Every structure is written in structure tokens, then in C-alpha cells.
Enquirer: 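Would you mind keeping the following structure in view while I ask a few things?
Remember, predicted model here, so these are calculated numbers, not experimental data. Residue numbers run from 1 in the order of the sequence given.
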Amino acid sequence: MSKYQKTNDFNEIVFGRRSVKYYDSSVKISREELTEILAEATAAPSSVNMQPWRFVVIESEEGKAALAPLARFNQNQVSTSAAVIAVFGDMDNFQYAEEIFGKSVELGYMPQEVKDMQFKAFTPYYQNISKADLRDVILIDAGLVSMQLMLVARAHGYDTNPIGGFEKAQIAEAFGLDKERYVPVMLISIGKQVNEGHPSYRLPVETVTTWK
């Protein structure tokens, strides 16, 4: 059981979420709670359960100073939030397949023969997939975990803002990552909003849906 106060109010979590530009800079989130938020976010689905998402949690003054020149017009979120979570996709994610499937067998989530069958099927797929196609897969998976992270943060009582406007070509190396391996997806600022954010209009289901 989590020791943090969380809400199970579906409407509050989903419809109460706002994209926040200004945070209460006095609010800090402990590393322990941020770890729990990330753990809950990583329950998100991913292709073949490869979980290609990787996070850099930028919370220190030094980290934020390194991020600031890369954040373009999103300086307020960087400077006032409790942390900014940089979400990356790992192009070499299949190297964790043995750990993922092996642990699944060890924990009784799947029998050994299913693991062996999946390895036989997926190993050549990952060996032969083009970089462009693999990138598409991990961007989808990283998008799933990012949305889940924002909803989990909301359940913990925090606000977030997804940020796509930043220097993607520079951010991996700025934080010590191999830019050929780690694909930047988005930044997610997290903290407590200063002012109540305003709701935004959503197109009706009839506009965005076709029934066949």
C-alpha cells in the first residue's frame, strides 16, 4: 500500500487534469514519491512488453540550469516545477528481453515454453527491424507511459505539463546519454499549480469517430 495520499476519483484524475505553466516553486516531491509515481506509470502497456521508456528526472538546481537553455519557450515550467521528467525511448531495448521474460517465468507469470516460443519469434524481428520502424514503435510506447505518468501524478495530487518544444538534438548528450541510442520523446514538468488552470474545449466524439 502506498503511504502517500492519493485519490481514486476518476473524474478528478481525468477531467481535472490541466497543462500547467506556473508551479508553486516551494513545493518539492521526495525522490521516494517520484519513484513510486514512475513505478506506477511503468505499468503502461508496450509492444511485446519491451518497456522501451527511459527517464531522466531533473530536479536539482544544476540539472535545471543544464535544461533551461534547451527548453526554448518553456522556461517557467523548468524553473518553477518540482521536477522535469525527460522521457526517452531506448533503441536497444531488446537487450532487456532476457531479464523481462526470465523474470516473468521466475515469478510464475508465464511458463518456460511460452518464453522460449516468444524469444524464437521476437529475436529475428528485433534483429531485422529498420531503425525507422523501431523508432515508430518506441515513440508509441513512450507516449503511452507518458500519458499514464501524467494521470498517476494527478492521482498523487500533482499537476503536470507535457512539453514537446525543446532541443531534441542536444538533450540526450546534455544529460550524459548516447544520442544514437536514446530518442527524446517529451519533457513532463510536475509540481503543484499556482493558479487554477482553465479547461480546454474537446471536439465531440461524433467529430473524431467513424462507426462502421
Side-chain angles (χ1 to χ4, degrees), residues 17-31 33-42 44 46-47 50-93 131-154 156 158-195 197-200 202:
R17 191 194 64 79
R18 302 286 184 266
S19 289
V20 174
K21 303 298 189 291
Y22 293 91
Y23 296 88
D24 181 348
S25 58
S26 69
V27 172
K28 306 300 178 186
I29 306 175
S30 70
R31 185 165 298 190
E33 187 172 15
L34 277 171
T35 298
E36 181 171 320
I37 288 170
L38 290 170
E40 292 167 354
T42 58
S46 63
S47 179
M50 279 300 99
Q51 307 162 50
W53 42 71
R54 306 290 181 260
F55 308 106
V56 176
V57 180
I58 304 160
E59 58 178 353
S60 68
E61 292 303 316
E62 295 79 9
K64 287 187 173 186
L67 177 60
L70 307 178
R72 295 183 183 170
F73 42 83
N74 299 291
Q75 300 296 316
N76 293 324
Q77 295 96 312
V78 173
S79 62
T80 63
S81 63
V84 178
I85 301 168
V87 183
F88 293 88
D90 184 357
M91 293 288 284
D92 292 342
N93 62 84
K131 285 189 174 181
D133 287 345
L134 179 58
R135 181 186 175 92
D136 286 344
V137 170
I138 67 175
L139 287 176
I140 291 171
D141 291 345
L144 289 169
V145 81
S146 295
M147 187 69 253
Q148 181 138 320
L149 195 159
M150 287 185 280
L151 294 175
V152 167
R154 185 69 184 163
H156 277 254
Y158 298 110
D159 303 291
T160 57
N161 181 213
I163 298 169
F166 60 96
E167 301 297 340
K168 294 182 174 67
Q170 302 174 40
I171 191 164
E173 289 185 312
F175 292 96
L177 302 180
D178 178 356
K179 69 178 182 179
E180 298 302 321
R181 174 172 177 174
Y182 297 100
V183 177
V185 179
M186 71 177 74
L187 306 175
I188 302 174
S189 57
I190 181 170
K192 286 275 194 177
Q193 64 183 357
V194 172
N195 302 310
H198 60 81
S200 56
R202 291 295 187 266

Enquirer: Asp141 side chain to Ser47 main-chain N or O, any donor-acceptor pair under 3.5 Å?
Expert: yes

Enquirer: Nearest 0.5 Å, what's the CZ-CG distance between Arg135 and Leu139?
Expert: 5.5 Å

Enquirer: Going by an N to O cut-off under 4.0 Å, is there a salt bridge joining Arg154 and Asp159?
Expert: yes

Enquirer: Just distance, no hydrogens or angles: give the donor-acceptor pairs under 3.5 Å from side chains in residues 52-59, sequence neighbours left out.
Expert:
| residue | atom | partner | partner atom | Å |
| --- | --- | --- | --- | --- |
| Arg54 | NE | Asp90 | OD2 | 3.2 |
| Arg54 | NH1 | Gln51 | O | 2.8 |
| Arg54 | NH2 | Asp90 | OD2 | 3.1 |
| Glu59 | OE2 | Arg31 | NE | 3.3 |
| Glu59 | OE2 | Arg31 | NH2 | 2.7 |

Enquirer: Looking at Asp92 and Arg181, does any basic side-chain N land under 4.0 Å from a carboxylate oxygen?
Expert: yes

Enquirer: Nearest 0.5 Å please: distance from the CG atom of Asn93 over to the CD1 atom of Ile138.
Expert: 6.5 Å

Enquirer: Taking all heavy atoms of Leu34 and all of Ala83, pick out the closest pair and write down the distance.
Expert: CD1-CB, 4.3 Å

Enquirer: Measuring only between side-chain heavy atoms, which start at C-beta, is Lys192 closer than 4.5 Å to Tyr158?
Expert: yes

Enquirer: Any side-chain heavy-atom pair from Met147 and Leu151 closer than 4.5 angstrom?
Expert: yes

Enquirer: Please determine whether side-chain contact (heavy atoms from CB on, under 4.5 Å) holds for the pair Ser146 and Ile188, giving the CA-CA distance in whole Å, both sets of side-chain angles, and the decisive distance to 0.1 Å.
Expert: CA-CA 8 Å; Ser146 295; Ile188 302 174; 3.8 Å; yes

Enquirer: Rounded to the nearest 0.5 Å, how far does CZ of Phe175 lie from CZ of Phe88?
Expert: 7.5 Å

Enquirer: Which atom pair, heavy atoms only, marks the closest approach of Phe166 to Met186?
Expert: CE2-CA, 3.7 Å

Enquirer: I need the Ile190 CD1 to Ile37 CD1 distance, nearest 0.5 Å.
Expert: 4.0 Å

Enquirer: Starting at CG of Leu177, measure out to NZ of Lys179 and round the result to the nearest 0.5 Å.
Expert: 12.5 Å

Enquirer: Looking at every non-hydrogen atom in both residues, tell me the closest pair between Lys21 and Asn161 and how far apart they are.
Expert: CD-OD1, 3.8 Å

Enquirer: Please report the shortest heavy-atom distance between Pro69 and Ala65, naming the atom on each side.
Expert: CD-O, 3.1 Å

Enquirer: Who are the side chain to side chain contact (heavy atoms under 4.5 Å, CB included) partners of Asn195, not counting sequence neighbours?
Expert: none

Enquirer: What distance do Gln77 atom CD and Lys64 atom NZ have between them, rounded to the nearest 0.5 Å?
Expert: 11.0 Å

Enquirer: Quick check on side chain to side chain donor-acceptor pair (under 3.5 Å): which of Ser79, Ser189, Ser81 does Tyr23 satisfy it with?
Expert: Ser189

Enquirer: Show the nearest heavy-atom pair for residues Val84 and Val78, with the distance to one decimal.
Expert: CG2-CA, 4.0 Å

Enquirer: Distance-only, no hydrogens or angles: does the Lys28 side chain make a donor-acceptor pair with backbone N or O of Ser25 under 3.5 Å?
Expert: yes

Enquirer: Heavy atoms only: give me the nearest Gly165-Asn74 pair and the separation to one decimal.
Expert: O-ND2, 2.8 Å

